[in-house]
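One structure is given here, and the rest of the page talks about it.
When reading the values below, keep in mind they use all heavy atoms of this one structure, side chains included, and skip hydrogens, waters and symmetry mates.
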Amino acid sequence: MSETPMNTLQYRLDGPEDAPVLILGPSLGTTWHMWDRQVPELMKQWRVFRFDLPGHGGAPAHPAGSVTDLTARLLATLDALGVHRFGYAGCALSGAVGAELALRHPERLASLALIAASPRFGTADEFRQRGVIVRTNGLDPIARTSPERWFTGGFAAAQPAITEWAVQMVRTTDPGCYIASCEALAAFDVRAELSRIGVPTLVLVGSDDQVTGPAEARTLVAGIPDARLAVVPGASHLVPVEQPAAVTDLLVRHFSTAWQPAFESTTGQMAIPAAPVKPVLAAPTPVAPVAEIAPAAMQPEPAGRPDRYETGLKVRREVLGDAHVDRALASADAFSGDFQEFITRYAWGKIWDRPGLDRRARSCVTLTALVAGGHLDELAFHTRAALRNGLTPLEIKEVLLQAAVYCGVPAANSAFKVAQQVIREETTPQE
């Protein structure tokens, strides 16, 4: 815990003092406790630093009216602790702080995770209107509606204690600091600068997030050169609270494998450290499926494997999306139903679920095969699937260029038209 001067932030540290520092930043209206269920696992490898936004969680009410100001306070706090380099994971408003760090202070940042984030959060008028509501009525109206913005309906109904905790977090926030944070979000817009973010980045979003959802996440992935997308099914805006095990697993994988070395201070060159010992991760507790961001380890297939239809249906939905699968199954009849069962059980339940390739690699193979066969309808929905599986638009372009050499220029020309349209649709923010 800390005493908090005006130019710094209230913070908490957990984990070994000699471990690399990993920062977890909260969303507007929440406190560092939104990360409570990630900390026990993360502190096994990192010194976990959590902070509260001004006026949140009992922190002193010194309003910060811009993301730049919040970032400066965070860095001042870290400087006082002697922390120069760190990994950073931020949710929503703290995700904006993460983007600011990557753009203005890249020498401090080893790796980045942007959670429920966006290069621009809605419109300036939306957040200024929220400030008007708080000035007029206090935070109670915002607090009462927070659960419907933060959680899926099923989670809110099944977890009344967590829902009430969320409401009370907002109610106990200082109104002036909340309004200042709204002003910070209203002014934040880094859409034109995303290509300058050079740090390895995980973009993580809940599939049902109606605040900053998958469309905003794909905009980040499309703009940041070294970015990967992870979509967590069955989660809304506060995905670390709603799906804690899935988020923990994704963060461990990302920060274990994507930790950029520091620049050497005298030469300006990147220091190349000895190959790190890869951490051995315990098998995670079964959780809702998540988008894969790292190759799966080879494992022998157990004898007497059960029927693969349910597994295939789950994988098919994860890769293609519920809407596509629902349409395909709804259109099946006595003539085509057996075929739908066949591809669900064998294509999705046996081949796509094999551990030898991760889903990114399988998407690359699938796109190439569809170009070769001229199957443009399937190429469209498998381009969407490739984005869901973590391929960036630049990587999809490289796959199609490779296909042009071996499958023919006319086939690739048609494929580029299809993929270009899909990528535009998927990466354009909804106004």
Side-chain angles (χ1 to χ4, degrees), residues 89-92 95-96 98-99 102-103 112-123 188-197 199-237 239 243 246-247 250 254 258 289-294 317-325 358-360 362-364 366-367 379-400 415-431:
C91 183
L103 289 167
L112 176 64
L114 302 176
I115 300 167
S118 177
R120 183 190 67 168
F121 290 80
T123 67
F188 180 77
D189 187 349
V190 295
R191 288 175 294 173
E193 301 179 84
L194 293 178
S195 63
R196 295 199 296 107
I197 295 179
V199 67
T201 303
L202 170 66
V203 178
L204 193 157
V205 66
S207 62
D208 301 323
D209 189 345
Q210 302 300 309
V211 181
T212 48
E216 286 83 358
R218 291 184 179 112
T219 302
L220 288 167
V221 170
I224 299 172
D226 189 9
R228 295 291 180 268
L229 175 66
V231 180
V232 180
S236 188
H237 193 57
V239 57
Q243 293 288 356
V247 171
L250 285 164
H254 175 67
V290 297
E292 293 189 10
I293 61 169
R317 288 185 180 280
E318 290 168 21
V319 174
L320 299 180
D322 287 336
H324 175 89
V325 176
D358 70 354
R359 289 184 187 171
R360 285 168 41 79
R362 290 191 186 278
S363 279
C364 291
T366 302
L367 291 177
L379 180 67
F381 62 75
H382 271 286
T383 300
R384 290 188 175 86
L387 292 168
R388 291 173 66 90
N389 285 341
L391 287 178
T392 68
L394 288 176
E395 289 170 329
I396 293 172
K397 178 181 76 173
E398 292 301 323
V399 170
L400 297 184
F416 264 101
K417 292 177 182 177
V418 171
Q420 181 182 42
Q421 180 61 33
V422 170
I423 289 169
R424 282 176 178 168
E425 292 171 358
E426 293 295 309
T427 61
T428 300
Q430 300 298 311
E431 294 293 342

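Closest of all the heavy-atom pairs between Thr219 and Leu194 is O-CD1, 3.8 Å. Here the closest non-hydrogen pair linking Leu112 and His254 is O-NE2, 2.9 Å. In this structure, Asp208 and Gly234 approach most closely via the heavy-atom pair OD2-CA, 3.8 Å. Minimum heavy-atom separation, Val231 to Pro233: O-CD, 3.3 Å. The shortest heavy-atom contact between Asp209 and Val211 is OD1-N, 2.8 Å. Nearest heavy atom pair, residue Cys91 against residue Ala116, reads SG-CB, 4.2 Å.
Separation of atoms CD (Glu318) and CZ (Arg359) is listed at 4.5 Å; rounding is to 0.5 Å. Going from atom CZ of Arg218 over to atom CG of Leu387 covers 6.5 Å, rounded to the nearest 0.5 Å. Distance CZ/Arg384 to OG/Ser363: 13.5 Å, rounded to 0.5 Å.
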Given the rule in the side-chain contact (heavy atoms from CB on, under 4.5 Å) test, do Leu202 and Ile115 qualify, once you have shown the distances and angles that lead to the verdict? CA-CA 8 Å; Leu202 170 66; Ile115 300 167; over 6 Å; no
| field | Check against salt bridge (charged side-chain N to carboxylate O under 4.0 Å, His left out), Arg228 and Glu395 | value | CA-CA 11 Å; Arg228 295 291 180 268; Glu395 289 170 329; 2.9 Å; yes
Between Val190 and Leu103, does the side-chain contact (heavy atoms from CB on, under 4.5 Å) criterion hold? Intermediate values first, please. CA-CA 9 Å; Val190 295; Leu103 289 167; 3.8 Å; yes
- Could you walk me through whether Leu114 and Leu204 pass side-chain contact (heavy atoms from CB on, under 4.5 Å), step by step? CA-CA 6 Å; Leu114 302 176; Leu204 193 157; over 6 Å; no
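Not counting sequence neighbours, the partners of Glu193 by the salt bridge (charged side-chain N to carboxylate O under 4.0 Å, His left out) test are Arg104, Arg196. Checked against side-chain contact (heavy atoms from CB on, under 4.5 Å), Lys397 has the following partners two or more places apart in sequence or in another chain: Leu394, Leu401, Phe416. Partners of His382 by side-chain hydrogen bond (donor to acceptor under 3.5 Å, both in side chains), not counting sequence neighbours: none found. Checked against side-chain contact (heavy atoms from CB on, under 4.5 Å), Ala217 has the following partners two or more places apart in sequence or in another chain: Val203, Val205, Leu229. Residues satisfying the side-chain hydrogen bond (donor to acceptor under 3.5 Å, both in side chains) criterion with Arg362, sequence neighbours excluded, are absent altogether. Checked against side-chain hydrogen bond (donor to acceptor under 3.5 Å, both in side chains), Ser236 has no partners two or more places apart in sequence or in another chain. Annotation: side-chain contact (heavy atoms from CB on, under 4.5 Å) contacts of Ser118 (sequence neighbours excluded): Phe121, Thr212, Glu216. Evaluation of the side-chain contact (heavy atoms from CB on, under 4.5 Å) rule for Val399 yields Cys364, Leu367, Thr368 as partners, not counting sequence neighbours. For Asp226, there are no salt bridge (charged side-chain N to carboxylate O under 4.0 Å, His left out) partners at least two apart in sequence or on another chain.
Within the 3.5 Å criterion, the main-chain N or O of Ile197 finds no donor-acceptor partner in the side chain of Thr201.
Just one of Arg424, Glu425, Lys417 meets the side-chain hydrogen bond (donor to acceptor under 3.5 Å, both in side chains) condition when paired with Gln421; it is Glu425.
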